[in-house]
Amino acid sequence: QVQLVESGGGLVQPGGSLRLSCAVSGRTLDSYVFGWFRQAPGKRREGVSCISSRDGQTYYADSVKGRFTISRDNAKKTVYLQMNNLKPEDTAVYYCLADSSQDLARVVTTPSYEYDYWGQGTQVTVSS
């Protein structure tokens with residue numbers, strides 16, 4: 001079992017920044033990749049980014065590449081998503097995920113991918 005608790009969402013103006021955090025607990029965490037997906041009202045779930053617990057490799061959706069940075073602190077068992085230059089289209093509920101697949105691209109890019117675990121979500125609203 002893996003438990004994920006997100007924090008750090010909020011309201012920000014276009015061009016602003018936010019950092020999301022995901023506190024991870026459970027066993028054999030190095031067996032999983034961790035990351036984020038998002039879902040906006042009326043839209044399909046979208047993978048955002050993933051990071052490997054084993055070697056730190058990362059993968060990003062094209063829509064966030066160059067603006068978002070995923071990182072992890074294994075000692076604190078926390079995964080972060082630094083979001084810069086936010087746009088109104090980034091508005092969504094952001095969920096932390098854990099998945100046993102080591103194929104980062106597959107986890108992020110497969111439409112409606114069924115993740116092994118996810119958190120309760122945190123709202124990010126980008127608006128002036």
Side-chain angles (χ1 to χ4, degrees):
Q1 281 281 17
V2 176
Q3 293 80 41
L4 307 166
V5 179
E6 305 94 336
S7 61
L11 172 65
V12 64
Q13 292 186 343
S17 299
L18 280 175
R19 188 177 80 157
L20 306 183
S21 299
C22 174
V24 181
S25 59
R27 304 173 67 179
T28 62
L29 298 180
D30 60 355
S31 300
Y32 293 92
V33 298
F34 294 91
W36 300 85
F37 70 94
R38 63 189 182 185
Q39 187 156 26
K43 293 189 177 180
R44 191 170 58 186
R45 190 169 67 229
E46 176 188 16
V48 174
S49 181
C50 266
I51 186 167
S52 169
S53 293
R54 295 177 180 174
D55 57 15
Q57 285 192 40
T58 60
Y59 191 91
Y60 297 92
D62 288 343
S63 58
V64 306
K65 202 172 294 182
R67 300 188 297 122
F68 290 11
T69 302
I70 191 170
S71 61
R72 77 201 196 285
D73 185 328
N74 287 348
K76 294 183 177 180
K77 292 186 178 181
T78 303
V79 179
Y80 302 99
L81 185 69
Q82 178 66 43
M83 305 186 294
N84 297 330
N85 190 22
L86 283 160
K87 304 176 180 180
E89 52 263 41
D90 295 317
T91 296
V93 178
Y94 283 71
Y95 298 86
C96 184
L97 70 91
D99 199 85
S100 56
S101 170
Q102 297 299 319
D103 187 337
L104 303 185
R106 177 169 172 261
V107 172
V108 173
T109 64
T110 300
S112 300
Y113 186 92
E114 293 292 336
Y115 312 106
D116 289 341
Y117 301 97
W118 58 93
Q120 84 286 352
T122 186
Q123 176 71 45
V124 172
T125 302
V126 186
S127 175
S128 55

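As the structure is a prediction and not an experimental result, all values here were calculated from the model.
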- Message: Using side-chain contact (heavy atoms from CB on, under 4.5 Å), reason through L4 and F34 one step at a time and then give a plain yes or no.
- Response: CA-CA 10 Å; L4 307 166; F34 294 91; 4.1 Å; yes

- Give a yes or no answer on whether the side chain of Q120 reaches the backbone of V5 with a donor-acceptor pair at less than 3.5 Å. no

- Show your reasoning for whether side-chain contact (heavy atoms from CB on, under 4.5 Å) applies to M83 and L20. CA-CA 8 Å; M83 305 186 294; L20 306 183; 3.7 Å; yes

- Item | Donor-acceptor pair, side chain of R44 and main chain of S112, under 3.5 angstrom | no

- Query: Is S49 reaching over with its side chain to a backbone N or O of Y59, donor-acceptor style, under 3.5 angstrom?
  - Reply: yes

- Do the side chains of V64 and W36 join up, straight or via other hydrophobic residues, at under 4.5 Å, putting them in one cluster? yes

- Query: Can L18 be reached from F68 by stepping across I, L, V, M, F, W or Y side chains whose heavy atoms are under 4.5 Å apart?
  - Reply: yes

- Which heavy-atom pair separates Y95 from E6 by the least distance, and what is that distance? CA-OE2, 3.4 Å

- Task: Please confirm whether the backbone N or O of L11 pairs with a side-chain atom of Q123, one donor and one acceptor, at under 3.5 Å?
- Result: no

- Which residues share a side chain to side chain donor-acceptor pair (under 3.5 Å) with S100, sequence neighbours left out: D116

- Give me the ring orientation class for F37 and Y115: parallel if the planes are under 30° apart, tilted from 30 to 60°, perpendicular past 60°. parallel

- Query: Rounded to the nearest 0.5 Å, what separation is found between the CG atom of L81 and the OG atom of S71?
  - Reply: 8.5 Å

- Message: Quick check: closest heavy atoms across D103 and S101, and the distance to 0.1 Å?
- Response: N-OG, 3.1 Å

- Message: Please find the pair of heavy atoms, one from V24 and one from V2, that lie closest to each other, and give the distance.
- Response: CG1-CG1, 4.1 Å

- Query: Is a side-chain N or O of S53 found less than 3.5 angstrom from the main chain of Y32, in a donor-acceptor match?
  - Reply: yes

- So Y60 and V108, side-chain contact (heavy atoms from CB on, under 4.5 Å) or not? Walk me through it. CA-CA 7 Å; Y60 297 92; V108 173; over 6 Å; no

- Spell out, yes or no, whether I51 and Y94 are grouped together once hydrophobic residues are joined by side-chain heavy atoms under 4.5 Å, including indirect joins. yes

- Message: If you compare all heavy atoms of Q102 against all heavy atoms of S52, which two are closest, and at what distance to 0.1 Å?
- Response: OE1-OG, 4.0 Å

- Minimum heavy-atom separation for L97 to C50, with atom names? CD1-SG, 4.1 Å

- Query: Residues two or more places apart in sequence or in another chain: which of them pass side chain to side chain donor-acceptor pair (under 3.5 Å) with E46?
  - Reply: R38, S63

- Under a 4.5 Å side-chain heavy-atom rule over Ile, Leu, Val, Met, Phe, Trp and Tyr, are V33 and W118 clustered together? yes

- Message: If you count every heavy atom of other residues, nucleotides or ligands that lies below 6.0 Å from Q57 atom CD, does the total exceed 12?
- Response: no

- Message: If the condition is side chain to side chain donor-acceptor pair (under 3.5 Å), which residues does R67 pass it with, not counting sequence neighbours?
- Response: D90

- Query: Taking everything shown except K65 itself, do over 12 heavy atoms lie less than 6.0 Å from its NZ?
  - Reply: yes

- Task: Give the cluster check for L104 versus Y117: same hydrophobic cluster or not, with ILVMFWY residues linked at side-chain heavy-atom distances below 4.5 Å.
- Result: no

- Task: Run through K77, Q1, Q3 and flag the one making a side chain to side chain donor-acceptor pair (under 3.5 Å) with S25.
- Result: Q3

- Task: Taking the side chain as every heavy atom from C-beta outward, state whether D99 and Y113 have any atom pair closer than 4.5 Å.
- Result: yes

- Shortest non-hydrogen pair, S127 vs P14, comes out as C-CD, 3.6 Å

- Evaluate side-chain contact (heavy atoms from CB on, under 4.5 Å) for V79 paired with I70, printing each intermediate quantity in order. CA-CA 7 Å; V79 179; I70 191 170; 4.1 Å; yes

